[in-house]
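Note that the numbering runs from 1 along the sequence shown for the chain.
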Amino acid sequence: MDISTIKARGISVSLDLTVGHIADMTVDGDGRRLKPLHRAPWVDAGETLPKDLPQGTVRLSGDFLCAPFSRSDVEDAPLHGWPANSAWDITESSATDGGWRAVFRLRHKVMGASVDKILTLIDGHPFLYQEHVFSGGQGAISVAHHPMTAMKGGGRLAFSPKRFAATPADPLEPDPARGRFMLAYPARSADLGHFPAAAGGTRDLTDYRMDDRREDFVTLVEADHGGPGWTALARKAEGDLVLVLKNPAELPVTMLWLSNGGRDYAPWSGRHLGVLGIEDGRAAVGHAASIGDNWLKREGVATAFALGDSFSFRHVIGAMPLPGGEPPQEVATTDGRMRLSAGGSTWDVPFDSDFLRIGQPAAA
C-alpha cells in the first residue's frame, strides 16, 4: 500500500494514495500525541471482506473527498465517486518556510474534470489545511469532505449557528434484521438539542452517547452569520477537542453520520463503534438529486458546483488537548489566531485566519 506522509513541527498527516483517504493524523500537545481521526477496524486486518464493497469502504479512513457525495447516479462510479475510491499521484511535496505543502492529483477524471488535493501543514499549528481544485469538465458536481473521528466514551458537540437540522425521507438502516436507528425520518428541528426521535420524544444532537446503538444521518444547514462554519467535538475518554472548519459560502451544509454499532452485516458487524462523520459539503444525497430539484435548493442552499472553469474549496481539521470535557461555544479567527470560548474562559491557538477565505465570493 502506498502511503505519503508529510510533517511539520507538532503535526503529521499520512495519505493513503490508493484511495485518497487520510490514513493517519497525529497532533502533539501538552506532552501528548492526539489522534483525531478514525480508521475502520477491518483496514489492514487481513480478513476476508464481501466482494462487492467499494474500495473506499475497504480502506475507510480519516477523511476523504466525495465527488459526488453518496450515490454516483449520473456518471458511473463507486459510492462517493472516484476521489474516494481510486488512486492519487504525488505531483509536489516539499518543505515550505515554516511547514510542508503537498499536492496530489487524482488519476481518474470526474465528469471530465481533473482534481487536485493540496495539503498544507504549518509549524506549531494543530491543523491540517486542505484545498481541492477542480479544473475543466462538464455539467455539475456535488462535493463533501468526509472526516471521521471515534470515541471510546462519547462526547459533547457544539456548532457554529445553524438554521435547522433535518433527516432524509428514509433511515440508513430501515431493516431491523440488518441494523437500527434512533432519529425520526423525515424530521426537522431548529433546536439541535431537541430533535424528533423514532420512538417518540426527542434526542440531543449535541450529546454523543455510547449506549445509543444506532446508524443515523442528519443534515445541518448553516445560518447566515458571516464567520467560519465549525463543528467542535469534546471527546470524553480521549480528553481532547476535535475541530472541523469550513467556509459556509463554499460548503453550506454539515452532514453528521452517527455510526455506533448500528450495522450488523459485514464488514461493519456491530463493531464500528463511537464513530462520528462530520461531513461538510455542497450536496444533497446522490449526484442526480444534487444537480436536480431537491429540498435543500428549495431552502436556498446550493448543492453542486458548476464544472468548466477552475474552482476550489477549502477545509480544516484540527485537534488539541481539552481536559475540561466541554466544547467551546464560540470560535473566532483573526490575525493569525483562533480564539475559543467556553464557560467564561477563552484560549488562543495559532491558526491561518486567511485560509478559509471568509467573506470572499465562492464559485457557483
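With side-chain heavy atoms closer than 4.5 Å counting as contact, directly or through intermediates, Met182 stands alone and belongs to no larger hydrophobic cluster.
Remark: His132 pairs with Lys117 by the side chain to side chain donor-acceptor pair (under 3.5 Å) rule, at least two apart or across chains. Annotation: side chain to side chain contact (heavy atoms under 4.5 Å, CB included) contacts of Pro78 (sequence neighbours excluded): Pro54, Trp82, Asn85. With sequence neighbours excluded, the residues satisfying salt bridge (charged side-chain N to carboxylate O under 4.0 Å, His left out) with Asp73 are Arg71. Contacts of Arg263 classified as salt bridge (charged side-chain N to carboxylate O under 4.0 Å, His left out), with partners at least two apart in sequence or in another chain: Glu173, Glu215. In this view, Arg105 and Thr91, Ser114, Asp116 satisfy the side chain to side chain contact (heavy atoms under 4.5 Å, CB included) rule, not counting sequence neighbours. With sequence neighbours left out, Thr5 forms a side chain to side chain donor-acceptor pair (under 3.5 Å) with Ser14.
Residue pairs meeting the salt bridge (Lys or Arg N to Asp or Glu O under 4.0 Å) criterion with at least one partner in residues 181-191, sequence neighbours excluded, are Arg188-Glu299. Listed by first then second residue, pairs satisfying side chain to side chain donor-acceptor pair (under 3.5 Å) with a partner in residues 274-294 read His146-Glu279, Thr254-Asp280, Asp280-His315, Asp293-Arg298, Asn294-Thr303, not counting sequence neighbours. For residues 18-28, the salt bridge (Lys or Arg N to Asp or Glu O under 4.0 Å) pairs, not counting sequence neighbours, are Asp24-Lys35, Asp28-Arg33. Applying the salt bridge (Lys or Arg N to Asp or Glu O under 4.0 Å) rule to pairs touching residues 225-238 yields Arg235-Asp240, sequence neighbours excluded. For residues 337-363, the side chain to side chain donor-acceptor pair (under 3.5 Å) pairs, not counting sequence neighbours, are Glu250-Arg357, Ser312-Arg357, Arg339-Asp348.
Of the candidates Leu243, Leu241, Thr149, Leu233 forms a side-chain contact (heavy atoms from CB on, under 4.5 Å) with just one, namely Thr149.
Looking at every heavy atom in both residues, Ala67 comes nearest to Pro83 through O-CD, 3.5 Å.
Ring geometry for His80 against Phe64 counts as tilted: the plane angle lies between 30° and 60°, on a 0 to 90° scale. Aromatic ring pairs are classed by plane angle as parallel below 30°, tilted from 30° to 60° and perpendicular above 60°; the pair Tyr129 and Phe127 is tilted.
Neither side chain, Gln55 nor Ser86, offers a donor N or O lying under 3.5 Å from an acceptor on the other.
Using a cutoff of 4.0 Å between basic side-chain nitrogens and carboxylate oxygens, Asp204 and Arg156 are scored as salt-bridged.
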